[in-house]
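Atoms within a ligand are numbered from 1 in the order they appear, just like the ligands themselves.
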Amino acid sequence: MHELAICQSLMSQVESIVLEHNAQCVSSIKVGMGPLSGVEAQLLKNAYPIASAGTVAEGAELIIEELPVRVKCTQCGSESDALPNKLVCKQCGAWQTSLLSGDELLLMSVELEREPACSDDLNEADKSEFNIH
Ligand SMILES: [Zn+2]
């Protein structure tokens, strides 16, 4: 199962962040997902409790944020939003575009908790790319 393997590498990434910050637990994990990542959000959600069981992230909330599809036109050079199934330039309508984003799966932030004061939010420092390819 593809999503379970993705979830497991996500967990090891989360664990190293937790160790790095000397935290005790994780309250939530935010993942950014492009529609072209080839990953099903629902399957990832299903795999998450299995992958996180017994890890520091057990019981933490998984938040999946959909990332936009962006293309750069090789004809007119402009960048625009595009539909996952229609990667055309919004400016000139050309289909000769290259994908800027939309196929990624990123670990966007991890909300950590320290005992006993479980309120530290270390979001900014924890943005890191989660490479699935
Ligand atoms: Zn164009």
Side-chain angles (χ1 to χ4, degrees):
M1 185 181 170
H2 188 48
E3 277 75 8
L4 184 57
I6 291 167
C7 239
Q8 279 164 341
S9 36
L10 201 57
M11 286 308 115
S12 54
Q13 223 183 332
V14 168
E15 280 191 315
S16 60
I17 290 169
V18 168
L19 281 176
E20 211 175 292
H21 291 282
N22 255 324
Q24 260 72 45
C25 45
V26 178
S27 56
S28 68
I29 298 166
K30 196 177 186 185
V31 173
M33 187 189 283
L36 302 169
S37 65
V39 180
E40 288 280 339
Q42 192 51 52
L43 291 180
L44 198 62
K45 277 184 184 165
N46 293 347
Y48 175 70
I50 303 163
S52 64
T55 73
V56 285
E58 188 168 0
E61 192 189 353
L62 177 69
I63 302 157
I64 297 177
E65 195 180 288
E66 184 132 326
L67 300 174
V69 176
R70 303 262 315 157
V71 293
K72 184 176 171 64
C73 181
T74 57
Q75 301 300 301
C76 73
S78 62
E79 295 178 9
S80 56
D81 290 332
L83 295 171
N85 57 356
K86 207 178 170 203
L87 301 175
V88 297
C89 174
K90 261 194 185 157
Q91 299 303 314
C92 71
W95 53 267
Q96 295 95 331
T97 57
S98 55
L99 196 64
L100 291 175
S101 69
D103 65 346
E104 66 274 79
L105 182 63
L106 303 167
L107 179 60
M108 295 180 83
S109 63
V110 179
E111 203 171 308
L112 303 171
E113 293 181 356
R114 279 198 191 88
E115 306 285 350
C118 269
S119 58
D120 277 52
D121 194 339
L122 299 165
N123 276 349
E124 323 86 78
D126 298 324
K127 194 166 176 179
S128 57
E129 186 154 355
F130 173 55
N131 191 6
I132 57 162
H133 301 296

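Inter-residue side-chain proximity for V110 and H21 is flagged as unmet; no heavy-atom pair is nearer than 4.5 Å. For the pair N46/E40, no side-chain contact is recorded, criterion being any heavy-atom separation below 4.5 Å from C-beta on. Using a 4.5 Å heavy-atom cutoff, the side chains of I6 and V39 are in contact.
Nearest heavy atom pair, residue A51 against residue M11, reads O-CG, 3.5 Å.
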Could you pull out all donor-acceptor pairs under 3.5 Å where a side-chain atom in residues 73-95 meets a protein atom, sequence neighbours excluded?
residue : atom : partner : partner atom : Å
T74     : OG1  : Q96     : O            : 2.6
S80     : OG   : K90     : N            : 3.2
D81     : OD1  : R70     : NH1          : 2.8

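Hydrophobic clustering (side-chain heavy atoms under 4.5 Å, transitive across Ile, Leu, Val, Met, Phe, Trp, Tyr) keeps L36 apart from L100.
Around the Zn ion (ligand 1), the protein N, O or S atoms found under 2.8 Å comprise C73 SG, C76 SG, C89 SG, C92 SG.
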